[in-house]
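Only heavy atoms go into these numbers, but all of them, side chains included; no hydrogens, no water, no symmetry mates. Treat the numbers as computed from the prediction; the structure is a model and nothing was measured. Ligands are counted one by one from 1 in listed order, and the atoms in each one are counted from 1 as well. In this chain, residues are counted from 1 in sequence order.
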Amino acid sequence: MERELIGVLVSGNGTNLQALIDAGLPVSAVASNRKDAYALVRARAAGLTVATFSLDCHADRTERDLVMATWLEEHGVELVVLAGYMHLLTEPFLRRFPDRIVNVHPSLLPAFPGAHPIDDVLDAGVETTGVTVHLVDGGLDTGPVLAQEAVPVEPRDTLVERIHAVEHRLLPEVVKELCLAAH
Ligand code: GAR
């Protein structure tokens, strides 16, 4: 069965990228805003094409995003997955992939958006948090929710690993449906 090719954007460790690779999804290219992201080591080990689009090398975010979008298109990407990508995407990038950009976020959005949701959850003292997979729009962790799963906050010392375990199952499930549904 024909499937859409996936481009994955990463900034960090890349455990969610690894989950997509391990699920056998058709990842064709991996892009990062940081050349030191360990996710790039994982991508190269899997034989994937990688590139870094650092802000230092471009006039501004818009120009960087346009160059990155063109590179993804050149690699046949139709579906973009943000797997721990920590920069907001600008409008020109969003317009190149309408309704085809997915993000995973470690909270039950719209609660606790932003860069430190797990710390924010612990500070707030709530009982339940979780994982959200959603389509990306121009906002910070906004856009239509595709899937959510709750995770109890206690025991706190294992919260991060329990959230990651849910992400690593939920993100590939949703991405698989999306890349099959398009054809
Ligand atoms: C993941 O927990 C992901 O949900 C989060 O960054 C982590 C990346 O881990 N993303 C965000 O907070 C986006 N707002 P990874 O690099 O090991 O996949």
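Between Val175 and Leu20 there is a side-chain heavy-atom pair separated by less than 4.5 Å. Inter-residue side-chain proximity for Thr70 and Arg96 is flagged as met; some heavy-atom pair is nearer than 4.5 Å.
In terms of polar-atom proximity, defined here as any N/O pair under 3.5 Å, Tyr85 makes no such contact with ligand 1. Polar contact with ligand 1: absent for Met86 (N/O pair, distance under 3.5 Å). Some N or O of Asp141 is nearer than 3.5 Å to an N or O of ligand 1, by distance alone.
Here the side chain of Arg162 pairs no donor or acceptor atom with the backbone of Gly130 at under 3.5 angstrom. Between the side chain of Thr49 and the backbone N or O of Ala29, no donor-acceptor pair lies under 3.5 Å.
Using the six-membered ring where Trp is involved, His75 and Trp71 have ring planes that are tilted, between 30° and 60° apart.
In terms of protein heavy-atom proximity, atom 14 (N) of ligand 1 is nearest to His105 ND1, 3.0 Å. The closest protein non-hydrogen atom to atom 3 (C) of ligand 1 is Glu167 OE2, 3.4 Å. Atom 16 (O) of ligand 1 has its closest protein heavy atom at Gly14 N, 2.8 Å. Among all non-hydrogen protein atoms, the one lying nearest atom 9 (O) of ligand 1 is Asn16 ND2, 3.9 Å. Looking only at protein heavy atoms, the nearest one to atom 10 (N) of ligand 1 is Val104 O, 3.5 Å. Here the heavy atom of the protein found nearest to atom 17 (O) of ligand 1 is Thr15 OG1, 2.6 Å. Among protein heavy atoms, the minimum distance from atom 8 (C) of ligand 1 is reached at Gly84 CA, 3.5 Å.
Pro106 and Ile163 get closest at one heavy-atom pair: CB-CG2, 3.7 Å.
If you run side-chain contact (heavy atoms from CB on, under 4.5 Å) between Phe93 and each of Leu88, Val136, Val80, only Val80 comes through.
For the residue pair Asn33 and Arg64, no side-chain donor N or O sits within less than 3.5 Å of a side-chain acceptor on the partner.
Checking Ser11, Pro113, Gly12, Pro106 against atom 12 (O) of ligand 1, the nearest heavy atom belongs to Pro106.
Shown in contact with His164 at under 4.0 Å from a heavy atom are these atoms of ligand 1, numbered in order with element: 2 (O).
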